[in-house]
Every structure is written in C-alpha cells, then in structure tokens.
Amino acid sequence: MRRPDVLIVGAGGSGAALAARLSADPGRTVLVLEAGPVPRFPPGFPPELRDARLVPGAWPDAPTVRAYPVRLTPDLPYTAVRGRVLGGSTTVNGGYFIRARREDFDRWSARAGDALWAYERALPFLRALETDLDFGATPVHGGHGPVPVGRTGLGRPAAEAFRAAARELGHPDEPDKNAQGVPGVGPVPTNTAGGERINTGTAYLLGALGRPNLTVLGDCFVRSVAVERGRATGVVADRNGRRTVLEAGEIVLCAGSFASPHLLHLSGIGPAKVLACAGVPVVEDLPAVGAALSDHPQVVLEWTPRRPVAESAGSWLGGALHLSSSGGDHPGDLEILQSLVPMAGLVGGRTAVPGQPLALLASVQTPRTSGRLRTVSADPRVPPRIDYGYLETADDRRRLREAVRAAAALLSTSAFGEVSAGVVEPASLDDDGLLDRWIRSRLGTSQHTCGTVPMGRSGDPSAAVDGHGRVYGVSGLRVADTSILPAAPLRGPAATAVLIGELIAHAMCTVR
C-alpha cells in the first residue's frame, strides 16, 4: 500500500470497528497494524478462542495475550492481560457485552463538551453495531449490525436459583440489561451466537479484507509515533525482524488502555518530568497521559453444589445482579456475576471440573479514578509501571464490603440453598476489619481499565484528547479506545469499546 490516509494501531474492540467503517469509503486508504496474529478466516481462530464457555484471557501464559505486571495496591502485585490477536481483548475475554448506562454518557458528554457522547446521539450507533438475537430491531436494539448480541439462558438449576435468590431478597427483575431499565437481576448480554464468541475481528474485519483500500498487517510491533514539527507523520514499527517507519496522513492509536498511553509516552507525548526520568525526549508536555487510571475491583466467592453440575452449555456466564451501594450516588454500581464454570476451569481452559466449587464474582463499578500509568524506560519492550490504587479510601473499602455481603446474602437464601451446600470459605461478614483483611487476601480486578488518555475540553489540564479523540498539542494524531473514557462505565466496557470505534469513525468521516 502507498502512504495510507489513516494508519490504525491495534485491531481490537475499537480498532476493528474503526477500520471497517473508515474503509467503507473507497476513497480512503486504511492500514491497520496488529501486534498479534491476524487470521484471515473464522476457522483461523483456534476452537478455544471461539468457545464462549472458555475465557482464554484467564489462562496463564496464553499465547494470544500480553501480560502486564501491575499493582492493585502498593503491596499487592498482580498480572493484568490484554488480547494480542485480531479482535484484541474481545477474542480472549468473557464475552460480556453490556452497554454503558445513561449516567455514563451524561458524564462523558459534559466532560468532553461534545454532544456526540450524549446517550441520545450514541443510541443509533449502539443499534448499528449489533444484531440483537433476542429482541431484534427495535427503537432500542439493532437487527442488522455486525456484532450478534444474545443473552445467557437462566434455565439451568444454578442460574434459576441465582435469579430466585435475588427475587427472594427483593431485587427487581432486569430482563434486558441493554435497555437502561432499573438495575436488578437478569441474563447477561454477550457477543456470542450458538455458543461461539464473535470477536470484532470476525464481526467487522474479515468480511472487509477484500477491499483494495484496506490492509491489515499482523505480528507488527509498534515502537512509537513519529512526530515532526508538531504533527504525527507515521509510526516506527518492527515486523519480520526489520524496523521501519510507516508514514500516513493520520495516526489513530487503538492499542488499549495500557499500550496507547505507553506509546504516547514513548513518542515524547506525556508528563515532561516522567518522560525525562525515563530518558524520552519531550515532544509535547501533556500531563494527563497516564496520570489517572480507572478499573473495577473484584472478589470471588466460591460455593459448593449439592449435586454434580452438568457441563455448561452456551456460555460460562449465568445471571447478573446489579444493585446500588449505600452511597446512593450511582444506581446499580455493584455487580454480582454468576459463573457456571468452576474457577479451576476458567483458569485451566476446561468447561467442566467435576467436584470443584462454582463462583460468584462481586465487583464495585462506581465511576472512579484511582491509579496511574508511568513509563520507566525509553525501551518499548520494558512495560510501564501500572498502579491501580484500589482500596485507598474508606468509601472504596465500604463499597467492596457491600458487594461481598450482597453476594453472600444470595448464597444464604433458601432459594439458593436448593442447589448450594454453602460457601467454600466464609468471610467474617459482621466485622468490617476482618472482612477488609479477607477481601485484601483475595482481591482481583475485572480487567476493565479506562481513563489513561482521558477526553475533556481544551484547556483542561486533566484532559489529553477531545471528544473526537484528537490528541491535544499534536495534529494528525488520535486515540480511539477505552483509554479516552475519563472513568470506567457502570458496566464492563467491552460494548463501549466497540462504540468508541463507531463514534470516532463517524467523527472522522464527518470532518475531513
């Protein structure tokens, strides 16, 4: 391909959608660089990447992920993973595909000063990206989009018991978690069809690879963005053992909430003092890049089935309960997900592990920034230092206690007692201090990182890009992935990542 009009770094949840939409214009040439492999046909994805009962991102040393060393708290190291394959994390995650809440869109729109992010403006794009397998085309849902969205069945005994337990405790039904209804208990929308996970590479890009104006290159490691006189002109990349500079009219980083800010730092775009300490020449002093991080802390509670559990069918997910923490500021900010596959199966790549307990995943999804990402070396192979800042405040600890107690309450109901013989390792629920220590010993993350390249109004020192993803201070450069969300949404961000690709594509097509 000759010098493309647009060069996209990353073919994940946002990048695949962006590339497909931009290249639909035959007058625009698009080049996509993906760090991992790029299968050219659906069977090119191994069966374990397609099986919706598996979570490849949970497997140690999986070849299709990049592992990042992080710290959830100052004294708690952890490993966070991101997809490194066509489709990115949508190829290796759990298939959860719930839309952000209206409240999230209100916050983002106000922060960016851009009506593009208002819920009413975003809804047509949400409809356009999906084919809803349960509701079809309606004023809320799409019937002809690239991503199939179906909901988990709640007919299996454990899933029936989960819903009955939530009802026993007085929680309302929420049959459609993509319809902005009252938070409650219901099935989980997923990007799956017939038990198969449909990643964005399959949904958006495989059918577009025949376009003469679209090129997708795999196994291409991007080292930095080339900037000349304040304008991004290309990227420096390694491919097939060779280093090269690939020029383009515009560069869009869709590499994710870890890699996109790291690439900006390596390109000299970020906090000047941090870059100087890392040995990177400063191109644009942009303090907001990596200054904040937002994610959802999570704790697993395991329970023992009374009877042998049949192998899961269709998805590893059962039901989901959303309820509000006692602060009352963000309705539905606590989430309890039901796993129909034992944790030993999720991390071991098996759909059934006889005799092993099942689990509830309790998380806090209050919109909040707490951590940061800091580049420590000019060598792109050296990972950045990533701190999540979990459990820093009394409110953080209170909310996670409430999530754990809510999950334990479900397990203690008579309805759940029909299938459960009790929790595997009960927490000390009545004593805040003891429960806090129990939580710290089991603390994990939902892998929902956002906010490392936050959008906002021009002149706001806490903003790095505008509502169209354009990087402040550097022309010809955008970011289009979940790193631009100022804080993680009230629901997991997979569906929002795809929406970002759609919205930024619209912005780029509207103003050329």
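Taking CZ from R437 and CG from D432, the interatomic distance works out to 11.0 Å, rounded to the nearest 0.5 Å. Summarising the geometry, atom CD1 belonging to I386 is positioned 6.5 Å from atom OH belonging to Y68; distances are rounded to the nearest 0.5 Å. Expressed to the nearest 0.5 Å, how far CG of L263 lies from CG of L477 amounts to 10.0 Å. Note that CG of D387 and CD of E392 are 9.0 Å apart. Values are rounded to the nearest 0.5 Å. The distance from atom CG of L443 to atom OH of Y78, rounded to the nearest 0.5 Å, is 8.0 Å. Here T413 contributes atom OG1 and R167 contributes atom CZ; the two are 12.5 Å apart, rounded to the nearest 0.5 Å.
Applying the side-chain hydrogen bond (donor to acceptor under 3.5 Å, both in side chains) definition to pairs two or more places apart or across chains, those involving residues 264-285 are H265-T375. Counting only residues at least two apart or on different chains, no salt bridge (Lys or Arg N to Asp or Glu O under 4.0 Å) pair has a member in residues 57-83. Each salt bridge (Lys or Arg N to Asp or Glu O under 4.0 Å) pair with one or both residues in residues 176-192, not counting sequence neighbours, appears once here: R151-D176, E174-K177. Here side-chain hydrogen bond (donor to acceptor under 3.5 Å, both in side chains) pairs that include residues 480-491, with residues two or more places apart or in two chains, are S257-T482, S260-D481, H322-R491, D481-S483. Within the structure, salt bridge (Lys or Arg N to Asp or Glu O under 4.0 Å) contacts touching residues 114-127 (residues at least two apart or in different chains) are R102-E120. Listed by first then second residue, pairs satisfying side-chain hydrogen bond (donor to acceptor under 3.5 Å, both in side chains) with a partner in residues 156-165 number zero, not counting sequence neighbours.
Counting heavy atoms from C-beta outward, W59 and L54 have side chains that approach closer than 4.5 Å. Between H330 and L490 there is a side-chain heavy-atom pair separated by less than 4.5 Å. Side-chain contact check for R401 versus L435: some heavy-atom pair is nearer than 4.5 Å. Between T366 and R399 there is a side-chain heavy-atom pair separated by less than 4.5 Å. Side-chain contact between R440 and L76: absent, with no pair of heavy atoms (C-beta onward) separated by less than 4.5 Å. Counting heavy atoms from C-beta on, the side chains of S14 and E502 never come closer than 4.5 Å. Looking only at side-chain heavy atoms (C-beta outward), Y96 and E335 come within less than 4.5 Å of each other. Looking at T496 and W108, their side chains come closer than 4.5 Å, going by heavy atoms from C-beta outward.
For F162, the ring pair (Phe, Tyr, Trp, His ring centres under 6.0 Å) test picks out no residue, with sequence neighbours left out. R99 pairs by the salt bridge (charged side-chain N to carboxylate O under 4.0 Å, His left out) definition with E130, not counting sequence neighbours. Residues passing the salt bridge (charged side-chain N to carboxylate O under 4.0 Å, His left out) test with D466, sequence neighbours excluded: R470. For H262, there are no ring pair (Phe, Tyr, Trp, His ring centres under 6.0 Å) partners, not counting sequence neighbours.
Pairing each heavy atom of D396 with each of G389, the nearest pair is OD2-O, 4.5 Å. Closest approach of V188 to L337, counting heavy atoms only: CG2-CD2, 4.0 Å. In this structure, A362 and A407 approach most closely via the heavy-atom pair CB-CB, 4.3 Å.
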Intermediate values then yes/no, side-chain contact (heavy atoms from CB on, under 4.5 Å), C254 and L18: CA-CA 9 Å; C254 300; L18 178 67; 3.8 Å; yes
I500 and W117: CA distance, side-chain angles, deciding distance, side-chain contact (heavy atoms from CB on, under 4.5 Å) verdict: CA-CA 10 Å; I500 290 169; W117 289 91; 3.8 Å; yes
Trace of the salt bridge (Lys or Arg N to Asp or Glu O under 4.0 Å) decision for R457 with D460: CA-CA 6 Å; R457 298 170 187 265; D460 180 352; over 6 Å; no
Chi angles and distances behind the side-chain contact (heavy atoms from CB on, under 4.5 Å) call for L400, L391: CA-CA 8 Å; L400 198 47; L391 305 182; 3.8 Å; yes
Steps toward side-chain contact (heavy atoms from CB on, under 4.5 Å) verdict (L286, L264): CA-CA 10 Å; L286 198 55; L264 290 174; 5.9 Å; no
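Remark: R397 CZ is packed, more than 12 non-hydrogen atoms of other residues, nucleotides or ligands lying under 6.0 Å away. Within a 6.0 Å radius of CZ in R84, no more than 12 heavy atoms belonging to other residues, nucleotides or ligands are found.
T200 and T90 share a donor-acceptor pair across their side chains, judged by distance under 3.5 Å alone. No donor-acceptor contact under 3.5 angstrom links the side chains of Y390 and Q298, judged on distance only.
Between R197 and the options T91, V92, N93, a side-chain contact (heavy atoms from CB on, under 4.5 Å) holds for only N93.
Relative ring orientation between H141 and F135 is described as parallel, the plane-to-plane angle staying below 30° on a 0-90° scale split at 30° and 60°.
Remark: R398 engages D395 in a salt bridge, criterion side-chain N to carboxylate O under 4.0 Å. Under 4.0 Å is where a charged nitrogen must lie from a carboxylate oxygen, and between D106 and R111 no such pair does. A salt bridge links R53 with D51; the closest basic N to acidic carboxylate O contact falls under 4.0 Å.
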Just distance, no hydrogens or angles: give the donor-acceptor pairs under 3.5 Å from side chains in residues 416-430, sequence neighbours left out.
residue, atom, partner, partner atom, Å
S420, OG, G422, N, 3.0
E425, OE1, R442, NH2, 3.2
E425, OE2, R442, NH2, 2.1

Ignoring hydrogens and angles, write down the donor-acceptor pairs under 3.5 Å from the side chains of residues 287-294, residues two or more places apart or on other chains.
residue, atom, partner, partner atom, Å
S294, OG, R368, O, 2.6
S294, OG, A488, N, 2.9

